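Structure, as structure tokens:
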Amino acid sequence: MATIEVKVPDIGGYDDVPVIELLVAVGDSVKKDQGLVTLESDKATMEVPSSADGVVKSISVKLGDKVAEGTVIAILETAATDAAGESKAAPAAAPAPAKAAEAAPAASPAPAAPSAPAAPAPSAAAASGRKADVECHMLVLGSGPGGYTAAFRAADLGLDTVLVERYATLGGVCLNVGCIPSKALLHAAALIDETSHSADIGLDFGTPKIDLGKLRDFKQNKVVGTFTKGLAGMAKQRKVRVVTGTGRFVSPNELEVTGEGGSQLIRFEQCIIAAGSQAVKLPGFPWDDPRVMDSTDALELAEVPKKLLVVGGGIIGLEMATVYRALGSEVTVVEFMDQLMPGADPDLVKPLADRLKKQGVAVHLKVKAAGTEASKQGIKVSFEPATAGGSAPEAQLFDRVLVAVGRAPNGGKLDADKAGVQVTERGFIPVDRQMRTNVPHIFAIGDLVGNPMLAHKATHEGKLAAEVAAGEKKEWVARVIPSVAYTDPEIAWVGVTETEAKAKGLKIGVGKFPWAASARALGLGRSEGFTKLIFDEATHRVIGAGIVGVHAGDLISELALAIEMGCEAADIGHTIHPHPTLSESVAMAAEVYEGTITDLYIPKKKA
């Protein structure tokens, strides 16, 4: 073994360039050209790559240090070299674009997101010895946004690809029974709400007549059906073979898929696990009673219950509460934590909470469902305070109960141990920055590799995994991932929240523009929202943002890009936004922070 110093290469003559991110830790195994740290000059962001394969023995810099060409970044322990300077260890073969005999070994993966440690790597099962029904280079297990993206990208890169999906149509939970049908129903709810208030501006449409059959048809056939047909067409165009059924590993290179027509054995060279997550079913509820629903059941829209209890005040619970309230249900929400939508800043949630109260939705915080009793008349639920000394409402009878307390990863349902893949006790699969599991030719993406469990995160991970499998040198380097609640009003945030910044003792400044001063928001009759930007006081760079109001989810992407690009307040404020739009509130929030805003009067603070 030998040790080498990894130094900052020529970075264009820049000196005193700050280190903004450490990409590895002491003890990590790294490959040649893998990024070790990220630097950021006034003009660009760049990574310092490893000059060899090895193990990180020490890191010579820390966050905030300023470096220049020749600065030592890390010390690596590498394999011994011969006289020619070549490693005596046999080199690892990179995966070929197609028909590779064996996938490339990877560095030991550092768990990316699972909060629980993985158990020791299981011993893989031996190959079955059976004749395979299907053989392929790339197998993708799960066809949600991450899975179908991975499969399509792998096929585009020349890999013979098979896509396994348990549903009869592609799209996974998100498209079939998740985010897409829920947004269709939320659109209907928004129309109902708009027309109910249209009389305020002189347009009276009367009480809406709701045809549940037509609404279900719109959701399932016009929206979901159109999308699934599109995915099936793209799979066919790319020659991606689709196998329908539930997949479980048999060995490191074999998967058995069980469907209505029996089982099939698929033999693969590389695999991307994209099996997603499932709704958490709290114990104590009579789950055999159809009146107790998870999010999938709620989207079926079997009926509009007179009284609906929503257990869980997170994004999913509040979105479905929004739908059912608009359709006519009397809705009660109980949340274990001290605010709705835990994780978002309280000020972002307040306009939503105020609107729900005005609409007659009963919200109980720091309360848990303590017991349930099913009868012909309904589901009787009793409540308890979540904290000592708290209060809880009296037991009530509900026509239906929706339990929406989160989702659990499906990693433990795949017999992944037979492939030698590590899975945590909670069902997460640890991966490295290239989305590789501890088994080099098997990747994992999406919900089952860790939070946040978001479709747009899975999509990017799926594309990356396919590209790495095809031999490209890439890794996961996203700085921020936006979150959106499609409630009314919508809530969206990205990067560091104000609550998180204060908890960590970060020195921040906040620019907040109220939509009461937005001409566009006033014209829409929806001035309850605001746009908030969070800046690092030392650099004036935006590090976080939150928006509450109509179309907040459509506005947050600009701020995600601004954070990725390292924009300062002036960069945002000096970018001309069209008027009158909701998007100009982003620029105005930056101007509030800088003290240059003219659309508000903010008295100067006394020195």
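Since the model is a prediction, treat every value here as computed from it, not as a measurement.
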Please report, to 0.1 Å, the donor-acceptor pairs under 3.5 Å made by any side chain of residues 308-318, with sequence neighbours excluded.
none

Sequence neighbours excluded, every pair satisfying salt bridge (Lys or Arg N to Asp or Glu O under 4.0 Å) that has a member inside residues 443-454: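 Sorted pair list comes back empty.
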Quick one: salt bridge (Lys or Arg N to Asp or Glu O under 4.0 Å) partners of [X], sequence neighbours excluded?
{"X": "E319", "value": "K183"}
{"X": "E303", "value": "R400"}
{"X": "K281", "value": "D294"}
{"X": "D289", "value": "R291"}

Ring pair (Phe, Tyr, Trp, His ring centres under 6.0 Å) against Y486, all qualifying residues, sequence neighbours excluded: none
Partners passing ring pair (Phe, Tyr, Trp, His ring centres under 6.0 Å) against F227 (at least two apart in sequence or in another chain): none
Show me, pair by pair, the donor-acceptor contacts under 3.5 angstrom made by side chains of residues 128-135, not counting sequence neighbours?
unit_1	atom_1	unit_2	atom_2	d
S128	OG	R130	N	3.1
S128	OG	E254	OE1	3.4
S128	OG	E254	OE2	2.7
R130	NH2	E256	OE2	3.2
D133	OD2	L265	N	2.7

Set of residues satisfying side-chain hydrogen bond (donor to acceptor under 3.5 Å, both in side chains) with respect to D211, sequence neighbours excluded: none
Ion pair K463/E467, N-O distance below 4.0 Å: no
Of all pairs that satisfy ring-ring contact (aromatic ring centres under 6.0 Å, His included), the ones with a partner from residues 243-266, not counting sequence neighbours: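 Pairs touching residues 243-266 that pass the test: none.
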Reference residue I442; test side chain to side chain contact (heavy atoms under 4.5 Å, CB included); the match among T437, I272, N253: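 The side chain to side chain contact (heavy atoms under 4.5 Å, CB included) with I442 is passed solely by T437 among T437, I272, N253.
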Result of checking I429, V431, L255, L139 against I273 for side chain to side chain contact (heavy atoms under 4.5 Å, CB included): I429
Residue list, side-chain contact (heavy atoms from CB on, under 4.5 Å) with P49, at least two apart or on another chain: none
Any side-chain donor near an acceptor of the partner, D53 and T78, under 3.5 Å: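 Checked: D53/T78 side chains show no N/O donor-acceptor pair below 3.5 Å.
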Greater than 12 external heavy atoms within 6.0 Å of H460's NE2: no
